[in-house]
Amino acid sequence: MESRLIFNTPDGPMCYIDYDTVQQGESIFRQLRKIATHRHGARTYGFSLFEKVSNRLVRKDWFYLPSFDVPCIRIFLDSVAY
């Protein structure tokens, strides 16, 4: 595992997916950011991208969504097959 993508909800982190390379995590993160619905409002849902550095995870990038976004969740969950 070289990168991790975490899905955050209003109650905190809900689930995460680990990727074998940093490039895989970044690729999925870019897809999510590209398709995400961007509206003004409360930032309650979101994705955080972490990269493994030595023996710990460092947050590399993140973005928030104003509401639950089904297309983003589908991309996120489908990435398990990578």
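- In this structure the side chain of Arg33 never reaches within 4.5 angstrom of the side chain of Ile28, judged on heavy atoms.
- Note: Phe47 and Phe7 have tilted aromatic rings, judged against thresholds of 30 and 60 degrees for the angle between ring planes.
- Note that CZ of Arg30 is 15.0 Å distant from CD1 of Ile35, once rounded to the nearest 0.5 Å.
- In the hydrophobic clustering of this structure, Leu57 does not group with Val53; members are Ile, Leu, Val, Met, Phe, Trp, Tyr whose side-chain heavy atoms approach within less than 4.5 Å, directly or through other members.
- The same ILVMFWY cluster, assembled from side-chain heavy atoms under 4.5 Å apart, contains both Phe68 and Leu77.
- Of the N and O atoms on the side chains of Ser79 and Tyr19, at least one donor lies less than 3.5 Å from an acceptor on the other residue.
- Other residues, nucleotides and ligands place no more than 12 heavy atoms under 6.0 Å from the CE atom of Met14.
- The number of heavy-atom neighbours closer than 6.0 Å to CZ of Arg59, taken from other residues, nucleotides and ligands shown, is above 12.
- For the atom pair CG of Leu32 and CG of Asp69, the computed distance is 9.0 Å after rounding to the nearest 0.5 Å.
- Ring orientation note: the planes of Phe63 and Phe29 are nearly perpendicular, at an angle over 60° on the 30°/60° scale.
- Between the CD atom in Gln23 and the CD atom in Glu2 there is a gap of 9.5 Å [rounded to 0.5 Å].
- In this structure, CD in Glu26 is found 8.5 Å from OG1 in Thr21, a value given to the nearest 0.5 Å.
- Here the CD atom belonging to Gln31 is positioned 9.5 Å from the CG atom belonging to Asp78, to the nearest 0.5 angstrom.
- Taking CZ of Arg56 as the reference point, atom OG of Ser54 lies at 7.5 Å (rounded to 0.5 Å).
- At least one cation-pi condition fails for Arg4 and Phe50: the charged atom is not both under 6.0 angstrom from the six-membered ring centre and inside a 45 degree cone around its axis.
- Heavy-atom minimum distance, Cys72 versus Ala36: SG-CA, 3.7 Å.
- In this structure the side chain of Val22 never reaches within 4.5 angstrom of the side chain of Lys52, judged on heavy atoms.
- Cluster annotation: Tyr16 and Ile73 are assigned to distinct hydrophobic clusters (Ile/Leu/Val/Met/Phe/Trp/Tyr, side-chain heavy-atom contacts under 4.5 Å, transitive).
- For the residue pair Ser3/Asp18, the side-chain donor-acceptor check at 3.5 Å is not satisfied.
- Note on Val58 and Ile17: separate hydrophobic clusters, where clusters join Ile, Leu, Val, Met, Phe, Trp and Tyr whose side-chain heavy atoms are under 4.5 Å apart, directly or indirectly.
- If you chain together hydrophobic residues whose side chains sit under 4.5 Å apart, Val70 and Leu5 fall into the same group.
- At least one side-chain heavy atom of Asn8 sits less than 4.5 Å from a side-chain heavy atom of Ser48.
- Taking each heavy atom of Ile6 and Pro13 in turn, the nearest pair found is CG2-CB, 3.9 Å.
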